[in-house]
Amino acid sequence: MNVTLAVKQYISKMIESSGPGMKVLLMDRETTSIVSVVYTQSEILQKEVYLFERIDSQNRDNMKHLKAICFLRPTKENVEHLIQELRRPKYSVYFIYFSNVISKSEIKALAEADEQEVVAEVQGRSWESSMLSRCTQGLTSVLLALKKCPMIRYQLSSDMSKRLAESVKQIITKEYELFDFRKTEVPPLLLILDRSDDAITPLLNQWTYQAMVHELLGLNNNRIDLSRVPGINKDLKEVVLSAENDEFYANNLYLNFGEIGTNIKNLMEDFQKKRPKGQQKLESISDMKAFVDNYPQFKKMSGTVSKHVTVVGELSRLVSERQLMEVSEVEQELACQNDHSNAQQSVRRLLQNPRLSELDAVRLVMLYALRYERHSNSILPALMDELSRRGVSERHRRMVKAVVEYGGKRVRGSDLITPTDAVAITKQFFKGLSGVENVYTQHQPLLHDTLDQLIKGRLKDSQFPYLGPSSLRDRPQDIIVFLIGGTMYEEALTVYNLNRSTPGVRIVLGGSSVHNTKR
């Protein structure tokens, strides 16, 4: 199951259905992001798409020689923009695609606006404007793209999980013909979870390449803004990191920071060997042809080296400047160990370090507040006073209370901090005895245990009930996980490792956003 590939195939089908000839792709703000994630500009140019426009742009020229492929969300605004477009068409013919279901009344309004009969085709798939509808339509779009009609389980302790499960089920029932896919021996499973059950994972520093980039630099539609990096080359102020088009990134996105440093060194050495020699003689036509044939690959490799050296260099600078190795060691101690005396001493020591950033100081206190929420000797008031003395803003100080209200003991449905299950206690005991290979990556997100129990058939129906009377008798094979409140790249790593280590099981992870500490 590959969501990126499925979306790419849908967009390819849209373009190919319009036939040969020059085309313009007409999008809204969000479908522009979707297309940019799955297609590079050079790839889409090969499909005769020569112009990219926004449906809400007022400054588009009449170009009757172009076919228009409209890929839009059917919000009221987009439908209205499209009605105005069809009344005064700028292109020769329109192929209209929505990202999910569109109402019959809106189709009728579009038909009435098409007085010049320029619309060749209308197909619909979309998201509603409210958050519940947004998540519902996003999930059903993915299910349609993957051709899955799943059984649904949800987190009982979360009313939001149940409401989303019921909303998705309602769409599947209503649009049963769309979901009438070929039956498999073991039905696919949609598992809906709530971020509030694990508020610790989003507060931890990350040490794998993809996760570090998002945490420290921010990934937005595979793009990184490096414009604030000291002394940055103007060509590198914004770079793209896409596993689809960057072999080095694809091979390294789940490796830890130490391994990335070694692989960057190897990449540079390989580049040095393949670089065209300054004194290379071009004495014959064959020499020139060989150089021209090799130069595009050299140029591409040169860009890859420059990009990754810059990104890893900036990550190293930030790790050193913010003393993140020392900070991360205490974070891991708070998340994974149960030693209040050492924990409070470590947090106090770091809070007295003037080089500790405001964000890292607040994050440590938030972790302490979640970890030792009900400890009889809690020093949380003293830590809050220390934040005040450091000059931490009131807005950030209020976040400590807010995170406990969001993901504290009263809210959680799981035993995130102190497992009561005998098997979980035994596992924690032996983990403590055996030690860990890397003190910075001791933590495993709650999602790992949830999926492990699900795959082994031990996930309790009393905590994660099925929606409806049916239940799976066999081990699930295709699992779609959706996290209300957003997911993390640490959790993406967990899913990647489970997919590799569990033959016959395929897991796809999604959420309402992909978090880092700042957002």
Side-chain angles (χ1 to χ4, degrees), residues 201-220 222-243 246-272 275 301-333 335 346 349-350 353-364 367 436-443 488-490 492-493 496 514-519:
T201 297
L203 297 175
L204 301 174
N205 270 294
Q206 302 299 314
W207 294 100
T208 54
Y209 194 24
Q210 183 186 44
M212 281 187 79
V213 167
H214 188 48
E215 176 63 32
L216 298 179
L217 302 176
L219 267 173
N220 186 12
N222 292 339
R223 296 176 183 275
I224 312 172
D225 180 3
L226 297 175
S227 59
R228 297 181 182 179
V229 174
I232 190 69
N233 184 307
K234 65 178 183 179
D235 295 332
L236 293 170
K237 286 187 176 181
E238 183 181 76
V239 299
V240 176
L241 287 185
S242 169
D246 184 333
E247 185 179 358
F248 180 85
Y249 184 59
N251 292 335
N252 288 273
L253 77 170
Y254 294 124
L255 297 185
N256 68 50
F257 195 48
E259 293 171 300
I260 298 299
T262 301
N263 291 346
I264 282 282
K265 182 173 178 289
N266 294 338
L267 180 69
M268 289 190 68
E269 289 175 351
D270 193 31
F271 170 67
Q272 291 287 344
R275 187 177 61 182
M301 190 175 182
S302 173
T304 300
V305 171
S306 300
K307 174 172 66 178
H308 288 289
V309 167
T310 301
V311 170
V312 172
E314 178 60 7
L315 293 177
S316 297
R317 185 184 74 82
L318 291 171
V319 167
S320 175
E321 181 182 274
R322 291 170 52 184
Q323 297 185 306
L324 291 182
M325 297 189 82
E326 187 178 356
V327 171
S328 181
E329 190 170 349
V330 176
E331 289 174 355
Q332 294 289 321
E333 179 184 346
S346 298
R349 185 186 74 251
L350 276 179
N353 184 341
R355 292 180 58 189
L356 187 71
S357 72
E358 179 168 317
L359 179 66
D360 293 322
V362 172
R363 181 158 55 180
L364 283 169
L367 281 167
V436 289
E437 188 176 327
N438 189 334
V439 294
Y440 305 109
T441 56
Q442 300 174 61
H443 177 260
M488 298 288 299
Y489 281 123
E490 183 182 352
L493 173 61
Y496 169 77
V514 182
H515 286 297
N516 57 20
T517 305
K518 292 181 181 178
R519 63 182 180 91

Roughly how far, to the nearest 0.5 Å, is [atom2] of [Y] from [atom1] of [X]?
{"X": "Ser306", "Y": "Asp235", "atom1": "OG", "atom2": "CG", "answer": "9.0 Å"}
{"X": "Tyr496", "Y": "Thr208", "atom1": "OH", "atom2": "OG1", "answer": "11.0 Å"}
{"X": "Glu331", "Y": "Ser346", "atom1": "CD", "atom2": "OG", "answer": "12.0 Å"}
{"X": "Tyr440", "Y": "Gln332", "atom1": "OH", "atom2": "CD", "answer": "10.0 Å"}
{"X": "Leu253", "Y": "Ile260", "atom1": "CG", "atom2": "CD1", "answer": "8.5 Å"}

I'd like to know if the side chain of [X] and the backbone of [Y] have a donor-acceptor N/O pair within less than 3.5 Å.
{"X": "Glu259", "Y": "Asn256", "result": "yes"}
{"X": "Lys237", "Y": "Ile232", "result": "no"}
{"X": "Ser316", "Y": "Val312", "result": "yes"}
{"X": "Gln442", "Y": "Val439", "result": "yes"}
{"X": "Gln206", "Y": "Leu204", "result": "yes"}
{"X": "Asp360", "Y": "Leu356", "result": "no"}

Going by heavy atoms in the side chains, are [X] and [Y] under 4.5 Å from each other?
{"X": "Leu241", "Y": "Lys307", "value": "yes"}
{"X": "Val330", "Y": "Arg349", "value": "yes"}
{"X": "Asn205", "Y": "Thr517", "value": "no"}
{"X": "Gln210", "Y": "Leu219", "value": "yes"}
{"X": "Trp207", "Y": "Leu324", "value": "yes"}

Above 12 or not: heavy atoms from other molecules or residues under 6.0 Å from CD of Glu238?
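More than 12 heavy atoms, drawn from other residues, nucleotides or ligands, come within 6.0 Å of this atom.
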For Ala243 and Ala250, which heavy atoms make the closest approach, and how far apart are they?
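Residues Ala243 and Ala250, closest heavy atoms: O-CB, 3.5 Å.
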Show the nearest heavy-atom pair for residues Val311 and Leu217, with the distance to one decimal.
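So the two residues come closest at CG1-CD1, 4.1 Å.
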Output yes when Arg363 and Glu215 qualify as a salt bridge under the 4.0 Å nitrogen-oxygen rule, no when they do not.
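So Arg363 pairs with Glu215 through a salt bridge.
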Suppose we screen for salt bridge (charged side-chain N to carboxylate O under 4.0 Å, His left out). Which residues come up paired with Glu490, at least two apart in sequence or across chains?
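Checked Glu490 against salt bridge (charged side-chain N to carboxylate O under 4.0 Å, His left out); zero matches.
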Contacts of type salt bridge (charged side-chain N to carboxylate O under 4.0 Å, His left out), residue Arg317, not counting sequence neighbours:
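Arg317: salt bridge (charged side-chain N to carboxylate O under 4.0 Å, His left out) contacts with Glu314, Glu321.
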What residues form a ring-ring contact (aromatic ring centres under 6.0 Å, His included) with His308, not counting sequence neighbours?
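ring-ring contact (aromatic ring centres under 6.0 Å, His included) check on His308 returns Tyr209, Phe248.
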Which one of Leu216, Thr310, Val239, Leu236 satisfies the side-chain contact (heavy atoms from CB on, under 4.5 Å) criterion with Ile224?
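When Leu216, Thr310, Val239, Leu236 are each tested with Ile224, the side-chain contact (heavy atoms from CB on, under 4.5 Å) holds only for Val239.
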Parallel under 30°, tilted from 30 to 60°, perpendicular over 60°: which one fits the rings of His214 and Tyr489?
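If you compare the ring of His214 with that of Tyr489, the planes turn out perpendicular.
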